[in-house]
Amino acid sequence: MTTSELRSDIHSIEPIPDSDRDSTGLQQMWIWAGANIAPVNWALGALGIILKLGLWETIAVIVFGNIIGCAIFAAFTVMGHKTGVNQMVLSRSAFGRRGAYLPSLLMFLMTLGWIGVNTYFPVKISMAILGQFGIPESILTTFIIMTLVMVVQVVIGIYGFYAIRTFEKYTVPVTVAIMVLMSVLAWSQPGVVNWNLTSSLPPGAHLAMLSLLMTAIGVGWGISWVTWASDYSRFVPRSVSSSSVFWYSYVGMLVPSIWLAVLGATIASVTTDTDPAKMVSAVFGGVASLLVLLMVLHGPIATNILNVYSAALAALSMGVRLSRTSLALVVGIIGYLVTIYFVFAPSFAKAFDNWMISLLLWMSPWAGIILADFFIKRKSKIDVAELYAAPETSAYGDINWGAIIAFLVGLAAGWALEDGLVPALQGPLSGLLGGADLSWLAGIVIAGALYLAIGGKTATAAALAPTGAATK
Ligand SMILES: Nc1ccnc(=O)[nH]1
């Protein structure tokens with residue numbers, strides 16, 4: 001096959017053959033940076049302010065949280081690099097050959113939601129900017145922008161990995177430059193940031209809110225990407241070390257996540273709103289607005305191409321017999337409908353908080369189990385061929401009930417220690433702890449530990465061939 005830079009991606013969920021693994025650490029960095037130089041990342045920081053934290057403590061939550069969360073994410077990129085296998089097929093080593101259909105289904109559904117969440121902001125901000133240039137907001141213009149963005153992201157997602165990495169490689173440096181300009185404009189003009197904003201919450205509620213936001217906008221952000229990680233690192237050749245895959249992915253995810261969230265928080269310190277239109281018109285006008293428009297339209301595309309691509313892989317990983325292209329089209333159409341819902345839904349800030357902590361409820365125990373399985377139980381050694389073997393004969397078993405039970409218990413434990421904004425997301429133990437939210441931690445640790453205790457029926461590292469030795 002051709003090895004040109006921008007070839008069509010013929011790969012589905014089979015292990016990527018060594019001859020086709022030609023990505024680099026730097027490309028991985030651009031991919032994860034591109035995915036996070038998106039307007040939705042402003043919302044992360046703005047959320048802290050809307051939910052009444054002070055500015056500096058919001059910044060502290062963002063910085064500390066992401067240092068931890070993005071490291072958890074980067075650990076997952078190592079799995080794809082060591083095996084050449086996508087994240088949901090890798091899930092089979094812990095959950096069993098068909099047991100892994102459960103997380104694959106959850107991943108697929110969640111991705112559709114992300115497409116809508118990510119497209120909400122750009123559509124709103126584009127409307128505001130076009131308004132500055134005398135083009136009034138209307139249903140028609142809203143639909144035109146929404147449709148344009150969706151078509152571009154689905155087409156790139158269909159082309160697959162090679163188109164994705166090439167797109168990010170060229171566009172991300174440009175958008176970084178625009179972000180620098182935006183940050184300078186926002187942080188140098190008087191009156192844009194209230195650096196002295198402090199929390200108006202009483203002490204008890206204040207602590208509870210700090211921990212909730214640590215989940216939703218701190219540690220949670222990196223964790224929210226773990227199910228995507230290996231889908232891209234599987235293209236990095238074995239000649240590159242796993243630790244450099246880790247560090248490039250870590251930096252790529254960490255820097256823009258912190259930077260944009262801090263930008264969002266600082267701007268919201270005066271507007272006290274996540275309304276993106278207010279955010280933009282508060283700071284930018286004229287030519288700067290046009291640059292912001294560019295960055296804003298790039299954001300969802302750079303993020304959602306990953307969602308379209310990984311959603312299709314997730315569906316294939318649960319045995320759906322359609323081509324990657326047909327699946328990407330299906331994802332595009334449902335994602336479009338979800339976007340329409342978000343664009344016309346009221347109160348984005350609270351919906352966004354609920355969205356984050358609900359998805360972390362299942363992702364945290366899943367992450368705990370996969371980390372325990374890959375790094376502790378199997379010592380980074382996976383028999384790749386067995387991941388694809390028939391369910392009846394796979395060394396990883398058909399359904400590993402130990403993993404499923406650990407997953408459900410971790411989910412319940414996470415929920416018990418959650419303190420969300422709506423009653424359904426407020427667990428009983430969190431109440432006893434004065435409303436602290438430790439759902440992500442409980443989910444990871446309890447599910448991971450329980451899995452090590454009861455998930456042991458299937459083949460262990462010692463009994464299996466070294467990683468990747470048996471690719472087909
Ligand atoms: N935080 C996110 C994780 C995965 N996909 C997204 O679009 N966003």
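Just so it is clear, the model here is predicted, and its values are computed rather than measured. Sequence positions, counted from 1, serve as the residue numbers for this chain. These numbers come from the heavy atoms of this one structure, side chains and all, not from hydrogens, waters or symmetry mates. We count ligands from 1, going down the list as the structure has it; atoms in each ligand are counted the same way.
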_Can you tell me how far apart CD1 (I369) and CG (N400) are? Round to the nearest 0.5 Å._
9.0 Å
*Can a salt bridge be assigned to the pair D22 and R165 using a cut-off of 4.0 Å between side-chain N and carboxylate O?*
yes
*Will you find, in the side chains of Y451 and D373, an N or O donor that is under 3.5 Å from an N or O acceptor?*
yes
*Value rounded to 0.5 Å, distance of CD1 in I217 from OG1 in T58*: 6.0 Å
_How long is the straight-line distance from CG of N118 back to CG of L306, given to the nearest 0.5 Å?_
9.5 Å
*asked:* Rounded at 0.5 Å granularity, tell me how far OH in Y250 sits from CD1 in I72.
replied: 9.5 Å
Are any protein N/O atoms closer than 3.5 Å to the N/O atoms of ligand 1? If there are, list each pair with names and the distance to one decimal place.
{"residue": "ligand 1", "atom": "1 (N)", "partner": "S224", "partner atom": "OG", "Å": "2.8"}
{"residue": "ligand 1", "atom": "1 (N)", "partner": "W225", "partner atom": "NE1", "Å": "3.2"}
{"residue": "ligand 1", "atom": "5 (N)", "partner": "N307", "partner atom": "OD1", "Å": "3.1"}
{"residue": "ligand 1", "atom": "7 (O)", "partner": "N118", "partner atom": "ND2", "Å": "2.7"}
{"residue": "ligand 1", "atom": "7 (O)", "partner": "N307", "partner atom": "ND2", "Å": "2.9"}

